[in-house]
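Following: one structure in structure tokens, then a few remarks.
Residue numbers begin at 1 in each chain, while the letters A, B, ... track the order of the sequences. Keep in mind that this is a model prediction, so the values were computed, not measured.
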2 protein chains.
Amino acid sequence: MEQTELEEFIESIRSSDISGECSVKRALDVVGGKWKLNILTLIVQLDTVRFNEMKRRLYGITNTMLTNSLKELEADKLIKRTQYNEMPLRVEYSLTEKGKSILPVLLELSKWWKQYTTDI
Amino acid sequence: MEQTELEEFIESIRSSDISGECSVKRALDVVGGKWKLNILTLIVQLDTVRFNEMKRRLYGITNTMLTNSLKELEADKLIKRTQYNEMPLRVEYSLTEKGKSILPVLLELSKWWKQYTTDI
DNA sequence: CAGAATCCGAAGCGATACTG
DNA sequence: CAGTATCGCTTCGGATTCTG
């Protein structure tokens, strides 16, 4: 990241152009909630995952939360739902390009947090 | 950011080392909630801010939420509280180095979100 | 001025039973 | 198999009043 870009970011905050701040909040919402990060993590691990396999691996999650979280992640286009009309029904979830593209940003968050917990 | 670092991040996710994922969640919590980003933004704008000035500028915030958010931000060491024992009481809030250091990460979040809302 | 205390409604989340 | 529907609990946030 360039230094000037950060300065522009800070300047856009200073000059009350809160669009920058809003986009941050939107981005936070996308991966917010109790289970979304776990779901994304699981899909990264397995590449494509079925509903019940998620339910088994995400220990403690309920049908409701898994369904809702998947719907929101799909609505935000981080994951892709593929339904195969076999018998029994088979549905697979995988990351979209957008979903993959947020991983580096999550890495930055992780690095930031680790830096200030090991240093102190 | 280096490509190898991202690959290591993904690999650490794949290999079930969820410490990476947890640190992401902790980082998200630090700036989560309804008002914390607004508070940080305001402090960036004004450098040092007093309690009631925040309350005036953060339109709609209540005493409770402002107090709680400030306490949490201070506990997470993103902001610093300085009390001057004058009459009447004066308290000023400002960013710590840790608080400043998260701004580039928030910029990345902002850039990520903007990329995928203008492109589509 | 800078909060603390209390009460209340809304939202998030969980448990269970049921369905195409 | 992959969900939906319903219900209840718990947490979050808002409104108001009070205090050092």
Q | Lys/Arg-Asp/Glu bridge criterion (N-O < 4.0 Å) met for A:Glu92, A:Arg90 | A |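 Answer for the salt bridge query: yes.
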Q: Determine, stepwise, if the pair B:Trp35 / B:Leu66 fulfils side-chain contact (heavy atoms from CB on, under 4.5 Å).
A: CA-CA 8 Å; B:Trp35 293 101; B:Leu66 182 52; over 6 Å; no
Find the distance [X]:[atom1] to [N]:[atom2] and express it as a whole number of Å.
X: A:Leu58; N: D:dG3; atom1: CG; atom2: P; value: 14 Å
X: A:Ile39; N: D:dG3; atom1: CD1; atom2: C1'; value: 14 Å
X: A:Gln83; N: D:dA2; atom1: CD; atom2: P; value: 10 Å
X: B:Arg57; N: C:dA2; atom1: CZ; atom2: P; value: 14 Å
X: B:Glu72; N: D:dT11; atom1: CD; atom2: P; value: 14 Å
X: B:Lys36; N: D:dC12; atom1: NZ; atom2: C1'; value: 12 Å
X: B:Lys55; N: D:dG13; atom1: NZ; atom2: P; value: 18 Å
X: A:Arg56; N: D:dG3; atom1: CZ; atom2: P; value: 14 Å

Q: Select one nucleotide: of C:dA4, C:dT16, C:dC1, the one nearest the side-chain heavy atoms of A:Asn63.
A: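 Within the option list, the nearest is C:dT16.
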Q.
Which residues in residues 85-92 of chain A have a heavy atom closer than 4.0 Å to any atom of DNA chain D?
A.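 The stretch gives A:Pro88, A:Leu89, A:Arg90, A:Val91 as the residues lying under 4.0 Å from the strand, ordered by number.
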Got a donor-acceptor contact below 3.5 angstrom from the [X] side chain to the [Y] backbone?
X: B:Ser23; Y: A:Trp113; value: no
X: A:Thr48; Y: A:Ser94; value: no
X: A:Lys34; Y: A:Met65; value: no

Q | Trace of the salt bridge (Lys or Arg N to Asp or Glu O under 4.0 Å) decision for A:Glu74 with A:Lys80 | A | CA-CA 6 Å; A:Glu74 192 193 358; A:Lys80 182 180 48 182; over 6 Å; no
(Q) Against B:Glu53, only a single residue in B:Arg57, B:Arg50, B:Arg56 fulfils side-chain hydrogen bond (donor to acceptor under 3.5 Å, both in side chains); can you say which? (A)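 Single pass found, and it is B:Arg57.
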Q: Under 4.0 Å between any heavy atoms, over every strand shown, what does A:Thr67 touch: base, sugar-phosphate, or nothing? Just pick one.
A: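 Base, at least one base heavy atom under 4.0 Å.
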[N] phosphate, OP1 or OP2: any side-chain N/O from [X] under 4.0 angstrom?
X: B:Arg81; N: C:dG3; result: yes
X: B:Tyr93; N: C:dC1; result: no
X: A:Arg50; N: D:dA2; result: yes

(Q) Run the side-chain contact (heavy atoms from CB on, under 4.5 Å) test on A:Leu28 and B:Leu37 for me, step by step, so that the C-alpha distance in whole Å, both residues' side-chain angles and the decisive distance to 0.1 Å come before the verdict. (A) CA-CA 10 Å; A:Leu28 289 180; B:Leu37 277 178; 3.6 Å; yes
Q) With no hydrogens and no angle check, do the side chains of B:Tyr116 and A:Ser101 hold a donor and an acceptor under 3.5 Å apart? A)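 Distance-only check passes for B:Tyr116 and A:Ser101.
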Q | Base versus backbone protein contacts along nucleotides 9-14 of chain C [heavy-atom cut-off under 4.0 Å; B, S, -] | A | ----SS
